[in-house]
Amino acid sequence: MLANDRQEKILEIIERDGSIKTSQLVEIFDVSLETIRRDFEVLEKQGYLEKVYGGAILKNKETKALNYSSREKKNVEEKKEVGRLAINLIEDGDTIALNASTTNLEIARLIKEKFSHLTVITNSLMIANELAEISGINLILAGGMYNKNEFAFLGEVTAKFFQNFSVDKAFICVGGISLKRGLTDYLMDEILVEKKMIDIAEKVYILADSTKIESNSLIKLSDLQENMEIVTDSKLSEEIKKEYINRGIKVRN
């Protein structure tokens with residue numbers, strides 16, 4: 001296959017799915033990693049996509065992996081709405097896990113005002129700072145490699161830390177949710193931690209503002225499972241909500 005033809009096919013795939021892994025394209029086209037990387041460079045220069053770790057994302061859709069500081073300013077009211085819904089799912093005496101995210105930081109702020117006895121396990125330095133001096137909060141901070149862009153501990157060491165615990169509820173914010181691909185996110189080091197949180201939780205709440213529903217990030221985290229419930233904001237369309245409910249997936253908004 002000529003390079004131009006292959007690049008057109010790559011664009012078709014990435015426009016359909018929003019993102020693609022380099023390794024997937026190597027298998028599809030039976031070419032080397034270097035060949036796909038050169039294709040990405042050409043398409044990136046043309047303004048069609050953006051290279052990210054392990055693959056590429058479509059440039060003209062809002063699927064970029066913004067850093068924490070940028071995300072904190074995005075969809076603020078929607079995140080607060082999700083936080084208010086999520087806080088009602090927590091009961092005094094619960095043990096909960098919160099992954100590093102701007103939405104879970106909203107939950108941490110609400111926790112300060114509502115609970116007198118709670119155990120919180122997190123990999124987020126921001127959440128830990130929010131809860132560190134609150135009476136009645138038993139705070140456990142996961143260690144590991146510190147990611148300065150995410151203000152969080154991520155990677156294999158952090159994931160292994162979580163396997164020592166069992167929690168009643170995990171609140172996990174992700175980059176995208178779709179019926180086709182399930183739960184997706186951007187950073188492999190973050191995915192490792194999120195997978196372990198899912199493993200140790202009796203109930204999993206997936207938090208996402210409505211812009212992330214039927215949107216894909218680069219890396220698959222998990223299929224949607226029976227013990228999961230999606231918590232989103234009131235802007236989610238009824239049509240999309242019905243599609244999820246018809247598939248047996250609980251949605252709270």
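Here the side chains of Thr95 and Asp168 are in contact, with some heavy-atom distance below 4.5 Å. Residues Thr22 and Leu25 have side chains not in contact (no heavy-atom distance under 4.5 Å, counting atoms from C-beta outward). With contacts defined as side-chain heavy-atom distances shorter than 4.5 Å, the pair Asn147/Asp189 does not qualify. Contact annotation: the side chain of Ile127 never approaches that of Ile107 to less than 4.5 Å [non-hydrogen atoms, C-beta and beyond]. Side-chain contact between Thr122 and Leu139 is present, with at least one heavy-atom pair separated by less than 4.5 Å. Between Ser237 and Glu214, every side-chain heavy-atom pair lies at or beyond the 4.5 Å cut-off. Contact check for Val231 versus Phe171: no side-chain heavy atoms found under the 4.5 Å cut-off. At least one side-chain heavy atom of Leu131 sits less than 4.5 Å from a side-chain heavy atom of Lys112.
Within the 3.5 Å criterion, the main-chain N or O of Met228 finds no donor-acceptor partner in the side chain of Lys250. Proximity of a side-chain donor or acceptor of Asn104 to a complementary backbone N or O of Ser101 within less than 3.5 Å is not detected. A donor-acceptor pair is defined here as one N or O able to donate and one able to accept, closer than 3.5 Å; such a pair exists between the side chain of Asn129 and the backbone of Leu125.
Scanning both residues, Asp5 and Met1, for their nearest heavy atoms gives CB-CG, 3.7 Å. Smallest separation of non-hydrogen atoms from Leu49 and Ala56: CD1-CB, 4.0 Å. Tyr244 and Val251 get closest at one heavy-atom pair: CB-CG2, 3.7 Å. Shortest non-hydrogen contact noted between Ile198 and Gln225 is CG2-OE1, 4.1 Å. Between Ala170 and Met197, the closest heavy-atom pair is CB-O, 4.0 Å. For the residue pair Val82 and Asp233, the shortest heavy atom distance occurs at CG2-N, 3.8 Å.
One finds no salt bridge joining Arg247 and Glu243 here, because no Lys/Arg side-chain nitrogen approaches an Asp/Glu carboxylate oxygen to under 4.0 Å. A salt bridge between Lys242 and Glu239 is absent, with no side-chain N of the basic residue lying under 4.0 Å from a carboxylate O of the acidic one. Taking a cutoff of 4.0 Å between a charged side-chain nitrogen and a carboxylate oxygen, Glu106 and Arg109 qualify as a salt bridge.
Partner of Lys241 under the side-chain contact (heavy atoms from CB on, under 4.5 Å) criterion, chosen from Thr232, Asn253, Asn246, Ile213: Asn253. The side-chain hydrogen bond (donor to acceptor under 3.5 Å, both in side chains) test with Lys79 is passed by exactly one of Asp209, Thr103, Thr102: Thr102.
Taking CD1 from Ile28 and CZ from Arg6, the interatomic distance works out to 12.0 Å, rounded to the nearest 0.5 Å.
Counting non-hydrogen atoms of other residues, nucleotides and ligands closer than 6.0 Å to CD of Glu226 gives a total of 12 or fewer. No more than 12 heavy-atom neighbours from other residues, nucleotides or ligands sit within 6.0 angstrom of NZ on Lys9. Annotation: Glu202, atom CD; neighbour count of heavy atoms from other residues, nucleotides and ligands within 6.0 Å does not exceed 12. Under a cut-off of 6.0 angstrom, the local environment of NZ in Lys114 is crowded, with over 12 non-hydrogen atoms contributed by other residues, nucleotides or ligands. Enclosure of atom CG in Asp30 is not indicated, since only 12 or fewer non-hydrogen atoms of other residues, nucleotides or ligands lie within 6.0 angstrom.
Inspection of the Lys196 and Asn99 side chains reveals no N or O donor paired with an N or O acceptor under 3.5 Å. A side-chain N or O of Ser234 and one of Glu81 form a donor-acceptor pair less than 3.5 Å apart.
Side-chain heavy atoms closer than 4.5 Å link hydrophobic residues (I, L, V, M, F, W, Y) into clusters, and following such links, possibly through other members, connects Ile240 to Leu179.
Between Tyr146 and Phe153, the angle of the ring planes lies from 30° to 60°, which puts this pair in the tilted group.
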* Please report the C-alpha distance between Asn123 and Phe162 in whole Å, then the side-chain angles of each, then the deciding distance to 0.1 Å, and finally whether the side chain to side chain contact (heavy atoms under 4.5 Å, CB included) criterion is met. => CA-CA 9 Å; Asn123 63 320; Phe162 276 95; 4.1 Å; yes
* To do: Could you walk me through whether Arg37 and Glu41 pass salt bridge (Lys or Arg N to Asp or Glu O under 4.0 Å), step by step?
  => CA-CA 6 Å; Arg37 286 171 183 155; Glu41 287 173 2; over 6 Å; no
